[in-house]
Amino acid sequence: MSYPIKEELRLKKVFEFATNKILKSVKKNDFDGEVIEALEKFEFSKEEKKEIINLLGEVAGSTSKHIFSNWRTLSDDELIRNDLTNAKKWIKQNYDLVNTTSKTMGEFYSNYKTDTYLNILKSFEDPLKYRLDKLMTKEINTSDMKKLMFELKQGKNNKEIKEMISLIEKGINVSPENLSKLRMYALRKNELRARNEVGNLYSSELEAMMYENGIDDYIWRTMEDNNVREDHKKRDRKIYSVYDGNLPGSDFGCRCWAEPVRKGVKK
């Protein structure tokens, strides 16, 4: 496969464009020679962000076409056939995804959020369980004890849990029953924390995906079941701007998703 030289040069131009914007701002706003302070305070305007993202999107699209044209196995005519018997699996999956968006995207994003949640929860739980087990068997070392105390103090705790943590820090024995209660409380708090992280991550990736692909509007879609919250039912099937904020899935526990509006769709 040939190297995408043209695409690399275009990418360099995008970075040069962004760098020049930063340098001009630093020169314009003299911070008494404090370059670091100037860079920390610099921020692209919404228009500049959009322009840079559009340029990067064009480079990404061009690169994808270059790669695809070098090792694709089907012609344009073959790609639109109903029978894709000999197609590579990924071609068929993406073909179906693009052509049945309204039917597949809800399930796709739901599965994505579930998988991401499980991965994040595991990353939170494994070290916590390990240290709690060591605490219960009184085999925990000083380093793990400090890390455990830090983890347990994260977020809000009720009075009973705060008292338990204080006793453990002072080296006072806590009953096995109370340690089990502390364990259940900490793991439950991690579950809530993981769900919140998934919402934030999903919303950020969704926003970036839309910016990168030049999508300005989306259709708010719910899962259309009895568990949808009332204020989201009112948003269902309505068109919103990406720049309005509060994207579907960003609220705690929200299962809604955004269907990108293709150019030419009227509001």
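- By the criterion of side-chain heavy atoms lying less than 4.5 angstrom apart, applied directly or through intervening Ile, Leu, Val, Met, Phe, Trp or Tyr residues, Val228 is not grouped with Trp220; the two fall into different hydrophobic clusters.
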Derivation of the side chain to side chain donor-acceptor pair (under 3.5 Å) call for Asp217 and Tyr240: CA-CA 6 Å; Asp217 304 297; Tyr240 295 91; over 6 Å; no
Would you list the atom pairs, donor with acceptor, under 3.5 Å between side chains in residues 146-154 and any protein atom, with sequence neighbours excluded?
from, atom 1, to, atom 2, distance (Å)
Glu151, OE2, Arg131, NH1, 2.6
Lys153, NZ, Glu169, OE1, 3.2
Lys153, NZ, Glu169, OE2, 2.7
Gln154, NE2, Phe150, O, 3.2

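- Both Leu247 and Met223 belong to a common hydrophobic cluster when Ile, Leu, Val, Met, Phe, Trp and Tyr are linked at side-chain heavy-atom distances under 4.5 angstrom.
- Put simply, CZ on Phe124 and CG on Asn119 are 11.5 Å apart, with the number rounded to the nearest 0.5 Å.
- Under 4.0 Å is where a charged nitrogen must lie from a carboxylate oxygen, and between Lys181 and Glu160 at least one such pair does.
- Remark: side-chain polar atoms of Asn178 are not paired, donor with acceptor, to backbone N or O of Val174 under 3.5 angstrom.
- Ile168 is listed as a side-chain neighbour of Leu179, based on a closest heavy-atom distance under 4.5 Å.
- The heavy-atom pair separating Met136 from Ser180 by the smallest distance is CE-OG, 3.8 Å.
- Atom OH of Tyr218 sits about 12.5 Å away from atom CD of Glu259, to the nearest 0.5 Å.
- Tracing side-chain contacts under 4.5 Å through hydrophobic residues (I, L, V, M, F, W, Y), one reaches Ile161 starting from Leu167; they form part of the same cluster.
- Expressed to the nearest 0.5 Å, how far NE2 of His232 lies from CZ of Arg235 amounts to 6.5 Å.
- For Ser123 (side chain) and Ile120 (main-chain N/O), a donor-acceptor pair under 3.5 Å exists by modelled atom type.
- When every heavy atom of Leu135 is checked against every heavy atom of Met145, the shortest pair comes out as CD1-CE, 3.7 Å.
- Judged purely by atom type and a 3.5 angstrom limit, Asp251 has no side-chain atom pairing as donor or acceptor with the backbone of Cys254.
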For the pair Glu224 and Asp236, evaluate side-chain contact (heavy atoms from CB on, under 4.5 Å) and give the outcome as yes or no after the intermediate values. CA-CA 8 Å; Glu224 298 184 353; Asp236 191 31; 3.7 Å; yes
I'd like to know whether Ile165 forms a side-chain contact (heavy atoms from CB on, under 4.5 Å) with Glu163, so could you lay out the CA-CA distance, the side-chain angles of the two residues, the decisive distance to 0.1 Å, and finally the verdict. CA-CA 5 Å; Ile165 294 173; Glu163 289 176 353; over 6 Å; no
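- Legend: residues meeting side chain to side chain donor-acceptor pair (under 3.5 Å) with Asn226, ordered by chain and number and at least two apart, are absent.
- Atom NZ of Lys189 is separated from atom CG of Leu128 by 9.0 Å, given to the nearest 0.5 angstrom.
- No donor-acceptor pair closer than 3.5 Å links the side chain of Asn157 to the backbone N or O of Lys162.
- When every heavy atom of Lys122 is checked against every heavy atom of Asp126, the shortest pair comes out as NZ-OD2, 2.7 Å.
- Salt bridge status for Glu191 with Arg188: present, with a side-chain N to carboxylate O gap under 4.0 Å.
- The ring pair (Phe, Tyr, Trp, His ring centres under 6.0 Å) test applied to Tyr130 returns no partner, not counting sequence neighbours.
- To the nearest 0.5 Å, atom CD of residue Glu125 and atom CG of residue Leu132 are 10.5 Å apart.
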